[in-house]
**Q** 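Sharing a structure with you now.
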Amino acid sequence: MMKLALNLIGGIAVVLAILGVFLPLLPTTPFLLLASACFARGSTRLHAWLINNRVFGAYLRDVEQGRGIPLRGKVVALAMLWASIGYSAFAVGSMALVALLISIAAGVTIYLCAFVPTLRTR
């Protein structure tokens with residue numbers, strides 16, 4: 001029963017990660033990492049499929065093996081994050097929502113810069 005739940009959560013996370021590629025405010029990376037963690041415990045076949053995926057596989061393998069994210073990936077991710085947050089903050093009229101958006105972006109920035117290793121070679 002637990003493996004089924006993990007695989008279901010992992011599948012939902014993959015769908016959300018794919019949507020995150022196209023929707024700027026939906027993060028791709030956390031959903032991919034969640035899917036990988038769920039599949040690693042729920043299905044070795046699904047985990048192997050995910051880490052061998054031609055689009056996300058190398059990225060997930062680097063993260064899972066502790067090598068981190070390439071510097072270029074961090075820079076692009078942070079630039080897109082702040083651009084989309086900036087546009088969204090400008091578009092919404094509520095100061096509370098602007099504060100929430102900026103808080104989320106700051107948290108993601110701190111997490112990426114302080115806790116995710118930077119892969120220097122590729």
Side-chain angles (χ1 to χ4, degrees):
M1 185 68 173
M2 182 61 118
K3 286 187 178 193
L4 177 65
L6 287 169
N7 290 336
L8 182 62
I9 293 168
I12 292 169
V14 168
V15 170
L16 290 172
I18 291 169
L19 288 174
V21 170
F22 303 103
L23 301 172
L25 292 179
L26 191 63
T28 300
T29 302
F31 288 120
L32 281 177
L33 295 175
L34 174 63
S36 183
C38 288
F39 288 159
R41 289 162 184 78
S43 169
T44 55
R45 182 180 59 84
L46 289 173
H47 186 250
W49 166 79
L50 189 61
I51 64 170
N52 291 314
N53 180 281
R54 68 179 177 86
V55 177
F56 303 120
Y59 172 76
L60 283 172
R61 286 190 301 273
D62 287 342
V63 171
E64 285 185 6
Q65 294 170 359
R67 292 191 298 246
I69 299 172
L71 180 60
R72 183 174 188 266
K74 278 188 178 184
V75 170
V76 169
L78 290 173
M80 292 185 71
L81 168 73
W82 282 101
S84 63
I85 291 292
Y87 173 77
S88 298
F90 179 74
V92 299
S94 168
M95 287 304 291
L97 287 177
V98 170
L100 178 64
L101 289 171
I102 291 173
S103 297
I104 291 169
V108 171
T109 301
I110 291 168
Y111 174 75
L112 274 178
C113 293
F115 299 108
V116 176
T118 302
L119 178 65
R120 300 246 182 231
T121 59
R122 217 295 134 198

**Q** Under the 4.5 Å side-chain heavy-atom rule for ILVMFWY, direct or indirect, which residues accompany I110?
**A** none

**Q** Within the structure provided, determine whether I69 and D62 are in side-chain contact (heavy-atom separation under 4.5 Å).
**A** no

**Q** Enumerate the side-chain hydrogen bond (donor to acceptor under 3.5 Å, both in side chains) contacts for residues 102-118, please, sequence neighbours excluded, ordered by first and then second residue.
**A** K74-T118, W82-T109

**Q** When rounded to the nearest 0.5 angstrom, what is the spacing between CG in L33 and OG1 in T28?
**A** 10.5 Å

**Q** About how many Å separate NE2 of H47 and CG of N7, when rounded to the nearest 0.5 Å?
**A** 11.5 Å

**Q** List the atom of C38, the atom of I9, and the distance in Å for their closest heavy-atom pair.
**A** SG-CG2, 3.7 Å

**Q** Once rounded to the nearest 0.5 Å, what's the spacing between atom CZ of F56 and atom CD1 of I18?
**A** 6.0 Å

**Q** Kindly determine whether L19 and F31 satisfy side chain to side chain contact (heavy atoms under 4.5 Å, CB included), including the steps that lead there.
**A** CA-CA 10 Å; L19 288 174; F31 288 120; over 6 Å; no

**Q** To the nearest 0.5 Å, how far apart are CG in L81 and CD1 in I104?
**A** 9.5 Å

**Q** Closer than 3.5 angstrom, by distance alone: can the side chain of R61 be matched with the main-chain N or O of I51 as a donor-acceptor pair?
**A** yes

**Q** Could you state the interatomic distance from CG (N53) to OH (Y59), rounded to the nearest 0.5 Å?
**A** 13.5 Å

**Q** Going from CG on L50 to OG on S43, what distance comes out if it is rounded to the nearest 0.5 angstrom?
**A** 11.0 Å

